[in-house]
K.L.:
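Pasting in a structure now, in structure tokens, and then I'll have a few things to ask.
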Amino acid sequence: MHQKSIEFTYTFLMNDDFLKPYDHSKEKEIYDLWEKSGFFNPDNLEKTDGNYCIIMPPPNANGSLHVGHAVMVAIEDIMIRYNRMKGKNTLWLPGADHAGFETQVVFEKKLEKEGTSRFEILKQEGGREILYKKIWDFTQSNKEHMENQVKQLGASCDWEREKFTLDPKIISVVYSTFKKLYNEGLVYRAKRIVNWCVKHQTSLSDLEVSWEQREDKLYYIKYKIPSQKREILIATTRPETIPGDVAIAVNPKDKRYKDLVGEKAIEPITQKEIPIVGDDAVDIGFGTGALKITPAHDGVDFEVGKRHSLETIATLNLDGRFNKLSGPFEGMKVNEAREKAVEILQKSGSLDKIDNYSHQVGTCYKCKSVIEPMILDQWFIDLSEKGKKEIVRPAIDSVKKGKIKIFPKFQEKIFFHWMENIRDWNISRQIVWGIPIPVWYCTACGKETVHIEKGSPKNCSACGHTELRKETDVFDTWFSSGQWPFATLQTSGENDFKNFYPTSVMETGYDILFFWVARMIMLGLYVTGKIPFETVYLHGLVRDKDKQKMSKSKGNVVDPLGVVEQFGADALRMALVVGNSPGQDVIYDENKIKGYRNFSNKLWNIARFVLASADSHGFNADLRGQLTAEDEKLLKQCEEIKTKASQEIENYRFSQAAEIAYHYVWHDFADKIIEDKKKILAENSDKSDSAITLLYLILLDSIKMLHPFMPFVTEAIYQRLPKKDKEFLMVEEW
RNA sequence: GGGCGUUUAGCUCAGUUGGUUAGAGCGUCACAUUGACAUUGUGAAGGUCAGAGGUUCAACUCCUCUAACGCCCACCA
């Protein structure tokens with residue numbers, strides 16, 4: 001060791017690698033060295049002190065990473081590297097998400113460009129399998145690409161434990177959860193109003209509906225009441241659904257209509273007779289105070305219909321065209337039918353007036369087409385009755401009692417509000433890309449059989465009949481990713497679940513608090529009886545200079561890899577971490593990245609200077625000189641800075657930690673300490689020994705405290721130290 | 001209709017339980033500097049901390065109200 005360091009001191013200055021300026025293009029080589037070292041895998045770490053684990057939010061395997069992912073990688077890698085250097089048994093488990101609906105949407109766009117569609121493929125024999133295979137190949141190549149991107153950002157995660165949401169073992173965990181829910185009566189299949197996207201032809205959960213303000217018309221329509229020889233006026237935005245009307249509802253307290261309850265009215269398009277019912281859901285003050293009830297195509301109406309045992313008339317097909325029950329609208333799409341309805345009503349004198357009306361319309365969050373409420377048989381997780389007590393309540397309590405802490409704290413309020421008002425969760429999707437719901441239906445009695453083992457069930461669990469039809473729906477992706485922390489750890493290393501669950505931190509964007517974090521807490525507690533993670537850290541979203549959200553359609557997305565190539569991953573990471581406090585969005589600014597690229601170079605040159613000086617003064621890292629009292633003080637100051645940075649990291653204040661280290665290294669170490677010691681070194685007095693020792697020790701501490709933030713340049717410097725205690729800075733003692 | 005966040009220097013943001021002349025980076029200006037670094041150094045200008053009121057010996061920090069911007073939730077046809 002000693003021999004080696006001596007030899008090194010004489011040769012490193014000849015090494016082209018240590019020339020100015022710092023060359024970040026060598027980052028990849030450094031990453032390869034780390035990966036080969038095996039230290040990303042906690043099993044290979046030296047004696048360790050406690051466990052530390054982060055499960056990486058699995059990026060969607062349907063495209064490439066964006067800067068948002070870079071924020072995620074940067075922040076998580078800071079925590080991981082810090083804790084690893086602190087001597088913890090540290091695991092960062094990476095993964096990828098098949099991202100069911102989202103991926104299918106991306107893939108359908110691709111098909112559209114190729115002049116075909118999912119429906120064309122599905123028409124072929126074995127179409128489902130063909131489409132599935134195509135999307136599978138598509139995600140596999142994306143996944144590989146994405147892994148490389150994560151590597152280029154410097155993520156020190158354990159690739160040997162990488163998971164995909166469609167790994168057979170993961171699927172089997174998801175299936176047992178489903179079966180448990182089923183056996184315990186917490187998941188059910190029922191005809192319910194669901195959010196139907198006509199374009200994608202699948203149902204969506206309430207969270208996937210995006211509400212938009214739209215300018216529409218409010219139509220006032222007269223319904224005749226023959227027995228009383230009068231009319232009742234109703235207001236609606238959807239005259240095209242009139243053939244689906246099965247009643248008119250008024251508020252029983254409404255004096256105007258009190259005596260009409262129980263009477264019959266004539267629906268003005270197909271002229272059928274419908275009852276007038278009294279229901280509290282009707283707002284006396286809105287419109288005319290009378291509401292047409294179309295249970296098949298409206299959520300409120302569906303509830304009213306149930307209360308009054310009304311039939312449902314579904315007039316709209318799944319492809320968004322009206323069927324023959326709609327009478328004159330058959331074959332038309334919604335907008336055409338609406339025009340036609342107005343025309344018919346006008347002719348018959350049933351149309352009283354039309355007002356302009358501005359209201360919220362539910363749309364598909366992906367394609368923005370209007371969501372059609374439809375009654376369909378679907379699978380739901382009960383979160384309102386039994387499930388509220390058994391699934392929702394424990395999740396709320398775990399946060400209330402502080403077992404799970406959320407940063408920033410104000411997000412806890414948002415979490416509570418959503419959880420308190422949660423409704424049953426529709427987990428059925430009518431797409432091919434996803435985990436099939438493991439259910440078969442009996443062709444004789446119609447009952448369902450849940451079968452989670454391989455192959456098909458032999459007979460119906462209810463009547464024993466042998467002819468069964470397989471469910472074609474797949475799970476909502478979030479149902480599987482909601483199980484991610486335990487699903488990954490239960491299926492990786494032997495003791496992983498025992499050692500690492502609950503995990504230390506769940507770090508992700510605040511935009512998926514409900515979609516993902518809330519579901520992980522609920523399902524984690526439900527399945528394992530334990531919280532899935534102790535802390536939730538919600539980072540801000542990256543926006544462009546005009547504070548716009550980055551999106552492909554706006555064309556303002558930044559490819560993190562382009563930035564890495566230009567300025568280095570270290571610089572990008574710093575730029576995304578500094579100024580990013582939890583829950584607060586961060587602005588993407590190239591100048592900022594440039595600034596931290598400069599800092600990489602500064603640090604590099606500090607190291608060059610210190611090591612060159614050490615060399616020319618015959619400094620020996622094994623026989624460090626005695627420090628003068630003054631230098632002792634400076635070293636102590638440096639230690640204090642490092643302690644402060646540690647505290648900030650432990651309190652999840654990464655921005656502050658990074659700034660403290662940055663400021664110290666540049667403006668104290670380089671601008672003051674080095675400048676002062678330069679003179680002493682030039683004089684070559686008896687203080688030189690102390691000076692050079694001091695510089696060396698501060699350099700070592702500096703690269704340690706910067707390593708979690710800027711792993712590459714610090715490691716590159718460490719590798720050039722005349723004497724190293726460890727093979728890599730990555731596993732040095734903090 | 002509820003709720004949340006933000007408002008501090010030209011720009012982007014820090015400011016942890018209230019405590020001396022309010023900080024950083026970038027930008028601007030002046031000067032310096034060819035042996036660690038021009039991806040540099042030294043220094044300067046620049047803020048009535050959104051507004052109003054209140055609590056306090058003391059408020060950017062706590063309370064109330066107002067405004068602007070942004071976001072989330074919500075089955076009023």
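So that the names make sense, note that chain A is the first sequence line, chain B the second, and so on, each numbered from 1.
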K.L.:
When you get a sec, tell me which of B/A77, B/A24, B/G41 is the closest nucleotide to the side chain of A/Leu291?
P.N.:
B/A77

K.L.:
Considering only the C1' atoms, how many Å lie between B/U21 and B/C49, rounded to the nearest integer?
P.N.:
15 Å

K.L.:
Among the nucleotides B/A77, B/U40, B/A36, which one has an atom lying closest to any side-chain atom of A/Trp666?
P.N.:
B/U40

K.L.:
Between B/U48 and B/C37, how far apart are the two C1' atoms, rounded to whole Å?
P.N.:
42 Å

K.L.:
Counting only Watson-Crick or G-U wobble pairs whose two distances fall under 3.5 Å, which nucleotide matches B/U16?
P.N.:
none

K.L.:
Please test A/Val586 against A/Leu541 for side chain to side chain contact (heavy atoms under 4.5 Å, CB included), starting from the C-alpha separation and ending with a verdict.
P.N.:
CA-CA 6 Å; A/Val586 62; A/Leu541 275 32; over 6 Å; no

K.L.:
Tell me whether A/Asp355 is salt-bridged to A/Lys217, with the criterion being a basic N under 4.0 Å from an acidic carboxylate O.
P.N.:
no

K.L.:
Looking at A/Arg423, does any N or O in its side chain come under 4.0 Å of the phosphate oxygens OP1/OP2 on B/A74?
P.N.:
no

K.L.:
Taking the nucleotide of RNA chain B with the nearest heavy atom to each, does A/Lys292 or A/Trp211 sit closer to the 5' end?
P.N.:
A/Trp211

K.L.:
Cation-pi check, A/Lys678 to A/Phe609: give yes when NZ or CZ is under 6.0 Å from the six-membered ring centre and within 45° of the ring axis, no otherwise.
P.N.:
yes

K.L.:
What contact category does A/Glu675 fall into here, base, sugar-phosphate, or nothing, at under 4.0 angstrom with non-hydrogen atoms?
P.N.:
base

K.L.:
Considering only atom P, compute the distance from B/U7 to B/G15 and round it to an integer number of Å.
P.N.:
10 Å

K.L.:
Please determine, for the side chain of A/His417, which listed nucleotide (B/A36, B/C73, B/C75) has the closest atom?
P.N.:
B/C73

K.L.:
Taking the nucleotide of RNA chain B with the closest heavy atom to each, which residue, A/Ser655 or A/Lys672, is nearer the 5' end?
P.N.:
A/Ser655

K.L.:
Do any side-chain nitrogens or oxygens of A/His667 fall under 4.0 Å of OP1 or OP2 in B/G25?
P.N.:
yes

K.L.:
From the list B/C73, B/C4, B/A77, which nucleotide is the closest neighbour of the side chain of A/Phe286?
P.N.:
B/A77

K.L.:
Taking the same atom, P, in B/U55 and in B/G46, what whole-Å distance lies between them?
P.N.:
34 Å

K.L.:
What interatomic distance, in whole Å, is found between P of B/U16 and the corresponding atom of B/C62?
P.N.:
9 Å

K.L.:
Name the nucleic acid region contacted by A/Gly579, choosing base, sugar-phosphate or nothing; use a 4.0 angstrom heavy-atom cut-off, strictly under.
P.N.:
sugar-phosphate

K.L.:
Taking the P atom of each, how far is B/C11 from B/G27, in whole Å?
P.N.:
16 Å

K.L.:
Separation of A/Phe669 atom CZ from B/G41 atom P, in whole Å?
P.N.:
14 Å

K.L.:
Just to be sure I understand the rule, does A/Asp589 reach a base, reach only the sugar-phosphate, or reach nothing, if contact means heavy atoms closer than 4.0 Å?
P.N.:
nothing

K.L.:
With a 4.0 Å cut-off on N to O distance, would you call A/Arg256 and A/Asp254 a salt bridge?
P.N.:
yes

K.L.:
In this structure, how many angstroms lie between the P atom of B/G35 and the NZ atom of A/Lys678, rounded?
P.N.:
10 Å

K.L.:
In the structure shown, which nucleotide is the Watson-Crick or G-U wobble counterpart of B/G43, with both distances under 3.5 Å?
P.N.:
B/C29

K.L.:
Taking pairing as Watson-Crick or G-U wobble with both contacts under 3.5 Å, can you name the mate of B/A52, or confirm there isn't one?
P.N.:
B/U64

K.L.:
With ring centroids as reference points, do A/His617 and A/Phe619 lie under 6.0 angstrom apart?
P.N.:
no

K.L.:
Which nucleotide wins on minimum distance to the side chain of A/Arg597, given the candidates B/U39, B/A74, B/A36?
P.N.:
B/U39

K.L.:
Looking at A/Ser581, does any N or O in its side chain come under 4.0 Å of the phosphate oxygens OP1/OP2 on B/A14?
P.N.:
yes

K.L.:
Look at the side chain of A/Ile606 and decide which nucleotide, out of B/A36, B/A77, B/A14, has an atom nearest to it.
P.N.:
B/A36

K.L.:
Where the side chain of A/Ile414 is defined as all heavy atoms beyond and including C-beta, which of B/C4, B/U39, B/G25 is the nearest nucleotide?
P.N.:
B/C4

K.L.:
On a whole-Å scale, what distance lies between the P atoms belonging to B/A52 and B/U8?
P.N.:
15 Å

K.L.:
Output the rounded distance in Å from OH (A/Tyr662) to C1' (B/G23).
P.N.:
14 Å

K.L.:
Applying the Watson-Crick and G-U wobble criteria at under 3.5 Å, what pairs with B/G1? Answer none if nothing qualifies.
P.N.:
B/C73

K.L.:
Do A/Lys224 and A/Glu267 sit within salt-bridge range, that is, some charged N less than 4.0 Å from a carboxylate O?
P.N.:
no

K.L.:
Considering only side-chain heavy atoms of A/Lys413, which listed nucleotide, B/U12, B/C37, B/C4, is closest?
P.N.:
B/C4

K.L.:
Taking any heavy-atom pair under 4.0 Å as a contact, classify A/Phe514: base, sugar-phosphate, or nothing.
P.N.:
sugar-phosphate

K.L.:
Please report the distance separating the P of B/C57 from the corresponding atom of B/G70, rounded so that it comes out in whole Å.
P.N.:
41 Å

K.L.:
So, is A/Gln656 near the phosphate of B/G15, with a side-chain N or O under 4.0 Å from OP1 or OP2?
P.N.:
yes

K.L.:
Take A/His308 and A/Asp279, measure what side chain to side chain donor-acceptor pair (under 3.5 Å) needs, and give me the verdict at the end.
P.N.:
CA-CA 9 Å; A/His308 299 275; A/Asp279 196 287; 2.8 Å; yes

K.L.:
State which of B/C13, B/G5, B/C76 makes the closest approach to the side chain of A/Asp283.
P.N.:
B/C76

K.L.:
Check this one for me: any side-chain N or O of A/Asn591 less than 4.0 Å away from OP1 or OP2 of B/C11?
P.N.:
no

K.L.:
Salt bridge check: are A/Asp631 and A/Lys677 linked by an N-O gap of less than 4.0 Å?
P.N.:
yes

K.L.:
If the cut-off is 4.0 Å, is A/Tyr357 near the phosphate of B/A77, judged by side-chain N/O to OP1 or OP2?
P.N.:
yes

K.L.:
Does B/G41 have OP1 or OP2 under 4.0 Å away from a side-chain N or O of A/Lys602?
P.N.:
yes

K.L.:
Mind checking A/Arg238 for me? I need base, sugar-phosphate or nothing, with any heavy atom below 4.0 Å counting as a touch.
P.N.:
nothing

